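Bear in mind the structure is a predicted one, so any value in this text is a computation, not a measurement.
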Amino acid sequence: MLVCGVEVHNNGAYSDDDIKRYIRQAQEQVPQGAVSEMTLKPLDDGRIQIDYVAHYRKFERIRRITGYLVGTTDRWNNAKRQEERDRVKHAVQDKGQDS
């Protein structure tokens, strides 16, 4: 069954409200991802085994180079790529370290 855009495998033992609550709890565990599938299985001791599949959203790195926002450098010409390689890279120190 499909609940809130999530494919739920359930033996019919749980109400839609319960399932929605389990989906919310799972989505809180993976805030950068999206839960796409969930299986609910009652255990003998009264607990519930919840298994879910999460797909993480693609993260694209954006750079500011020579005043322009650039996602990837794959369409740059050789001169521009060499310019980026020749730049001085500065290390970032943790605030906890002594300077």
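Contact between Val6 and Val35 at its shortest, heavy atoms only, is CG2-O, 3.3 Å.
Taking 4.5 Å as the limit, some side-chain heavy atom of Tyr14 sits within range of a side-chain heavy atom of Ile48. Tyr52 has its side chain within reach of Gln29: a pair of non-hydrogen atoms, C-beta onward, lies under 4.5 Å apart. Annotation: side chain of Gln82 is in contact with side chain of Asp86 (closest heavy-atom distance under 4.5 Å).
Within a 6.0 Å sphere centred on CG of Asn78, other residues, nucleotides and ligands contribute 12 heavy atoms or fewer. With a 6.0 Å radius and a threshold of 12 heavy atoms from other residues, nucleotides or ligands, Arg47 has its CZ atom at or below the threshold.
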For a quick test of your reading: what N or O donor-acceptor pairs under 3.5 Å do the side chains of residues 37-44 make, sequence neighbours left out?
from	atom 1	to	atom 2	distance (Å)
Glu37	OE2	His9	NE2	3.1

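The CG atom of Asp16 sits 9.0 Å away from the CD1 atom of Ile23 when rounded to the nearest 0.5 Å.
Arg81 and Glu84 are not joined by a salt bridge, as no carboxylate oxygen comes within less than 4.0 angstrom of a charged side-chain nitrogen.
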